[in-house]
Every structure is written in C-alpha cells, then in structure tokens.
Amino acid sequence: MSGATPGPLLEVDGVSVRFGALLALQQVSLTVQPGEVLAIIGPNGAGKTTLLNVISGFYHPYQGRIRFAGRDRTWLRPPDVAALGIARTFQNVALFRGMSVLDNIMTGRLLRMRGNVLLDALWWGPARRQELEHRAFVERIIDFLEIQAIRKTPAGRLPYGLQKRVELARALAAEPQLLLLDEPMAGMNVEEKEDMCRFILDVNDEFDTTIALIEHDMGVVMDISDRVIVLDYGRKIADGTPEQVRKDQAVLDAYLGVAHD
Amino acid sequence: MIYREAGQFKTSYAADQAIFPILQDRMLVTLGILAAFVVPPLVANEYWLQAVLIPLTIYALAALGLNLLTGYAGQLSLGTGGFMAVGAYAAFKLATAFPWLNILVVFGLAGLMAAMVGILFGIPSLRIKGFYLAVATLAAQFFLVWLFNKVPWFVNYASSGTITAPPRTMLGVMVTGPQATAPVRYVVALGVLALFALVAKNLVRGRMGRSWMAIRDRDIAAEIIGVRPLRTKLLAFAISSFYCGVAGAELVFLYLGSAETLAFDITLSFLVLFMVIIGGLGSILGSLLGAAFIVLIPIFLTNAPHHLGLALPVALQKQIELMVFGALIIFFLIVEPHGLARLWQIGKEKLRLWPFPH
C-alpha cells in the first residue's frame, strides 16, 4: 500500500530520553512509512513503551526531534498529539471503567465534536445532530470489531480480551492516521490473538491506518508486520523486514545472550 | 417490574439516546413531575412546605451541582458551602442594587459569580488530586466565609451582619421576602430544580459528560484521546459552582429569608457531600435521592417515637435521632457503596426477572 503523501509519516530523529541517570532511549532514529504495519520488539526494559510515550507526547526527549507528516512536533502535549491524528492503546488496558462501552468509544470522537455549553445543555439543534452523527460513526466501528452485544455494558465489567478490543475501538473512533498499539495481544489466548491480528490487518487495509505496534509474540510479529525494529538497552539494533531481522546476529545476541569465551 | 422494555424496539439512534427510552418511564416521570408541581401546594401544610419540601428542593440542586464536579468529573470538593455563600451574597448585592431586576435573572447572575469563583479555586485541581484537592477546596470554604464576615460591603453595612431577602414579585406574585407564601416559593424552587436537573442530564450524556468521566476514570487515557485536563476540570468547577451558587441564593431568598455566614459554614459542605455519596456518585437521580434521604430521615426519626407511642425526654430523643441517623448512613454505605441510585438500579434489574431468581 502506498499513501499519497511522499516521505515518511513519522520521523523519529536521534531521540534520547533520560530519567535521572538512566538513559531509556539513546539516539533512536526511525521512520514510519504511510500505510505500513511496523512492529517494535525488544527484550524487557529495552525502551519500547518509552518510545511510544515520547511519540504520544507524555515524555519529551532531551535530544533529537520528532516530525509527523513533515512537521516538527517534538514538544507537543498529548492532547495536541491526538489532534494531529495519532491514537494509541496502552499495555495495561486504560479504559474508562465507569462508562459504557459505547461512551468509551464515543470519547474517541471528542476531538471532532464542536459545540458550546448552552446548546449542549439544551440538547438542541447542532448539539443533538452532531451527537447522532458521531453515534452513527461509532456504530460502524462497533460492527467492524464485532462488539455489538456489549455496547451498553460498563467497560469495567468486561473480560480482559474484550477490554483490549474496546480500547482498540476507542482509538479507531478518532480516525487516526497513525495508530500506536502497546502490546495489543498481551495475555490473550491463541484464539483471541488470531482475532486481534485479523482486526489489526483489517484496520490497516480498510481504514488505511498506519500502525506501529509493540509485541512480544514473535509468531504474530513475523506474520503481520511489514517491517520490524528491534530495540535493546535503549538503542535501535536492527531495522528491516521480518526475514532480515530474524537472521540478524545482533538481534539473536540480544534475545539469546552472547557467549563470552 | 410491572412493565418492561419488551417489544419497544428503537429504530433510530435518537430514540436509543433518549433520557427515558421506555415509554412507561416517560409517562410516569412526566406524571411525577406534574404531581410534584401541583399536589404539594394544594395539600401540604405550611410545616411540610417550609421545613421539608423547600429545603429538599434547594439541597437537591446543590447536590446536583456537587455531583457534576465530584461524581462525574472526579474532583473532590469541600468548598460547596463557600460557593453557595458566593451565590447568596451575590444575589443579595444584585437584588438590592438593582431592585427592578427579575429575581430569576438575579439567581442566574449569582450563579455566574459563583462559577467565576469556582474556576479560581479550581485551578489547583490541575496539579493535585483526591484528598489533597479536597483540602485545597477547604481553603475556599474558609476563605469565602471569612471574607463575607469581614467585609461589611457584602451585607450593605448592616450592623447585624445578616443578609435579608428583599421582597420581589414575579408575574405579579410575591416570590421572596416575608410576604411570599410557602407554596409560591416551593413552586419557584422546584421549577429551577427541574430545569437544572434536565440541563445536568443533557450535559452528562453528551460531549461534556464524557470528557468529565474520562478525566475521572483514567486521566492519562483521556489526554491521549484529546481531552484537555485544565479546560475540562475548570469547566466542571464552573458549572458545578454555578449550580451551588444558585442553590445558595435560593437558600436565602426562598427558604431562610435572612441569613448570616453561619448558614454556609463547613457543615453545609459536608451535608451536601453526604447527600451525593449516599445518593450515588455520578448519578443525577442519586443527587435527588440523597437530598431526600438526608432531609427526610431526621424528620421521620423525630416523629417516629411519637407515632410509636413512646414519650421520651427531648434531649434523649435528639441523641437517639443522631445515633440512628449515623447508623443508617453507615448501613447504607456498607450495603451499597454506590449509593441509593445503584440500589434503585439493582432493584429494577431484579424485578425484571421476578419471580425467577435469574
């Protein structure tokens, strides 16, 4: 798949992040091309989640810059990053537990809702119309992810696998250009993983959404990603197609350890 | 339930998003509201209106306001009494400075004033959460009451230090002041409550309510989806304080007639907070139930010994009243920490299946 925009969708250029004395990321550079599925892998503590947090604006790098669709956005806060068209899910599900599934997904539309307090208060005219329009859009996503039966259930009462799916739905509702998934399949059984893989590929296909995901299951990574980036101790050690990365000596060393003789 | 939603299929999202999607609910609620407007003024005596129903409606409005802030937006506040005082003193200043101003407009402007003060004291909420925020709002409570005590301008330099509701008419009927009858004041208070309850429901079921609840449930996830914490929290403080301000103005103008700052001390803040907790955090119905519980139970307890034929010394009865009241609060919180609104919901779900267990 090739997007219309020339050049990469996201450029991370020499980014370093430091927590006190710990260098969580050191000079990491990578690009995300429009339309691709990029997997970020690496051993525990390699800095994968930190990388996502930098991209979504929770941390700011002390070195390097981040460009999205050609514009520099190194210093933006999370809500501004969201407004640019980047959505994400979290490693340990971060749903709004007290709200229904429907309301959770509707929050994904908040950035696209306009309004003023008075019209909202009266539930009248444009306020009511936009509410119904966004509801119709959200229902499409509900259909797409096959969660019709639980739309009125409070999110906190759902089993884990479904919560992950609802979180994906919430991110999708924002119609992001770039979707960041932090371990979308962690703690799932084989069947749930297969479902999730299918959804991710379908999202990539049908919504034309670029996806960057962190995943530990190598089988999944090799199957669904166009490109793989490997992090270790905050450094990027490999970048290539799944086949290339699989044979890369540095990657094998990072995962299996190096013999010291 | 005597009736169910069976057979009521919705064919549009508008119908699905109605406040009462079930036809019978709609009819019952409409009837209930009409009855609330018509029946008490016709049948209730002066005592019931003045000592029970008027304070109940006013407290319900304040509880509604606090529930928007604490129940929906998740910002714990102990400044309710202070914000209500702002409303009351602003209404007093406005009503005496501009005697021709319609009293409802005065209430609205008083609410706006309280909203502005609310925004000011809501600013710390960007940095602090939970109990620490509660302590910060406590500062609002003490500061505001101190301010109204200290600055004689707020009471128009009255030597007594009290503010008195001036007589005002609306549509030719005396609404406030000593000549206003209880039924009239009740109907005005109820009208305001009904309108504001509807507005609150509209706010929480839409854009605004979702951003509030998102901030309450997971602030990090809320930010990543595009909710701006500062704007959202301050708006919650503003709207909540607006409600409390109007309730405070009503407290003086429609209920007490005249008041000093003592009427708005920390006890009031706690009272409204209890209403919200017992009624149910994050529930419009809960705010109303909670206010009813806190207002009605003491009255019930006062009258119970008499009806049981017990003649108790007054002091002893007062003690027992307090003890039973406290025990009841604890009992309800243990049985259902999510409040009366949740009990009501569970009851409805159980009745749907009755007489079968599941």
Side-chain angles (χ1 to χ4, degrees), chain A residues 53 56-58 77-84 86-90 93-100 102-115 117-124 127-136 138-139 151-152 155-156 167 170-171 173-174 176 180, chain B residues 5 10 12-19 21 68 71-74 112 115 195-232 234-236 238-239 242-243 280-283 338 342 345:
Chain A
N53 282 342
S56 47
F58 282 117
R77 305 272 317 135
D80 303 305
V81 174
L84 285 181
I86 300 181
R88 75 172 278 189
T89 66
F90 292 82
V93 189
L95 282 178
F96 309 125
R97 300 180 63 85
M99 298 161 74
S100 70
L102 182 63
D103 277 334
N104 263 282
I105 306 175
M106 284 292 275
T107 58
R109 304 297 293 168
L110 279 173
L111 271 175
R112 289 167 192 275
M113 289 189 165
R114 295 283 158 267
V117 181
L118 274 180
L119 287 180
D120 283 349
L122 300 174
W123 199 258
W124 182 79
R128 184 166 178 275
R129 250 194 326 271
Q130 90 170 346
E131 189 72 25
L132 297 179
E133 279 166 21
H134 289 296
R135 169 77 191 268
V138 162
E139 288 291 339
R151 58 160 84 77
K152 296 278 170 85
E167 206 188 10
R170 184 179 67 191
L180 309 171
Chain B
E5 68 269 47
K10 291 141 208 147
S12 71
Y13 295 134
D16 192 43
Q17 284 174 323
I19 299 180
L68 292 180
Y72 284 94
L112 281 182
L195 174 72
F196 278 59
L198 178 66
V199 165
K201 185 69 195 174
N202 282 343
L203 286 179
V204 299
R205 67 184 170 139
R207 188 173 65 95
M208 195 89 67
R210 287 193 206 103
S211 4
W212 286 342
M213 290 186 274
I215 287 280
R216 172 195 71 187
D217 284 351
R218 261 306 168 91
D219 48 359
I220 289 182
E223 277 190 67
I224 208 71
I225 210 73
V227 178
R228 290 172 199 283
L230 180 65
R231 192 188 294 173
T232 310
L234 289 188
L235 203 56
I239 292 175
F242 182 89
Y243 275 62
L281 286 163
S283 160
H338 297 293
R342 180 88 187 108
Q345 202 187 341

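Each chain gets a letter, A, B and so on, in the order its sequence line appears, and its residues count up from 1.
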A.B. asks: Do you know which of Arg228(B), Arg207(B), Lys201(B) has the most heavy-atom pairs under 4.5 Å to chain A?
C.D. replies: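 Answer, by heavy-atom pair count under 4.5 Å with chain A: Arg207(B).
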A.B. asks: Give, as side chain, backbone, both or neither, the part of Arg129(A) having an atom under 4.5 angstrom from any heavy atom of chain B.
C.D. replies: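 Contact with chain B involves no heavy atom of Arg129(A) at all.
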A.B. asks: With a 4.5 angstrom heavy-atom cut-off, is it the side chain or the backbone of Ile220(B) that approaches chain A, or both, or neither?
C.D. replies: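 Answer is both: backbone and side chain atoms of Ile220(B) are under 4.5 Å from chain A.
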A.B. asks: Any Lys/Arg nitrogen of Arg135(A) or Glu131(A) sitting under 4.0 Å from an Asp/Glu carboxylate oxygen of the other?
C.D. replies: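 Answer for the salt bridge query: no.
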A.B. asks: Among Gly206(B), Ala200(B), Ala214(B), which residue forms the greatest number of heavy-atom pairs with chain A at distances under 4.5 Å?
C.D. replies: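 Highest number of heavy-atom pairs under 4.5 Å: Ala214(B).
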A.B. asks: Tell me, for Ala222(B) versus chain A, whether the close heavy atoms (under 4.5 Å) come from the side chain, the backbone, both or neither.
C.D. replies: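 Looking at Ala222(B), backbone and side chain both touch chain A.
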A.B. asks: Supply the atom-to-atom distance Leu234(B) CG to Ile239(B) CD1, rounded to the nearest 0.5 angstrom.
C.D. replies: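 Those atoms lie 11.5 Å apart.
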A.B. asks: Between the main-chain N or O of Gly74(B) and the side-chain N or O of Trp212(B), is there a donor-acceptor pair closer than 3.5 Å?
C.D. replies: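 Not a single qualifying donor-acceptor pair exists.
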A.B. asks: Would you give the length of the straight line joining atom CG of Leu102(A) to atom OH of Tyr13(B), rounded to the nearest 0.5 angstrom?
C.D. replies: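 These two atoms lie 9.5 Å from each other.
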A.B. asks: Which bit of Val93(A) comes within less than 4.5 Å of chain B, counting heavy atoms only: side chain, backbone, both or neither?
C.D. replies: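 For Val93(A), backbone heavy atoms alone lie under 4.5 Å from chain B.
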A.B. asks: Heavy-atom cut-off 4.5 Å, strictly under: side chain, backbone, both or neither for Asn104(A) against chain B?
C.D. replies: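 Neither the backbone nor the side chain of Asn104(A) comes within 4.5 Å of chain B.
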A.B. asks: Tell me, side chain or backbone of Arg205(B) under 4.5 Å from chain A's heavy atoms, or both, or neither?
C.D. replies: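 It is both, since atoms from each part get that close.
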A.B. asks: Just verifying a value: how many Å separate Leu281(B) CG and His338(B) NE2, rounded to the nearest 0.5 Å?
C.D. replies: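 With rounding to 0.5 Å, CG (Leu281(B)) is 9.5 Å from NE2 (His338(B)).
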A.B. asks: Counting only heavy atoms closer than 4.5 Å, note whether Glu167(A) contacts chain B via side chain, backbone, both or neither.
C.D. replies: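 Neither the backbone nor the side chain of Glu167(A) comes within 4.5 Å of chain B.
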A.B. asks: Under a 4.5 Å heavy-atom cut-off, does chain B meet the side chain of Arg170(A), its backbone, both or neither?
C.D. replies: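 The answer is both parts of Arg170(A).
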A.B. asks: To the nearest 0.5 Å, tell me how far Asn202(B) CG sits from Asp120(A) CG.
C.D. replies: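 Separation between the atoms: 8.5 Å.
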A.B. asks: Using 30° and 60° as the class boundaries, would you call the ring planes of Phe196(B) and Tyr243(B) parallel, tilted or perpendicular?
C.D. replies: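 Rings of Phe196(B) and Tyr243(B): perpendicular, over 60°.
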A.B. asks: For Ala127(A), which atoms come within 4.5 Å of any heavy atom of chain B: side chain, backbone, both, or neither?
C.D. replies: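 For Ala127(A), neither part sits under 4.5 Å from chain B.
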A.B. asks: Using a strict cut-off of less than 4.0 Å between a Lys/Arg side-chain nitrogen and an Asp/Glu carboxylate oxygen, indicate whether Asp217(B) and Arg97(A) qualify as a salt bridge.
C.D. replies: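 Answer for the salt bridge query: no.
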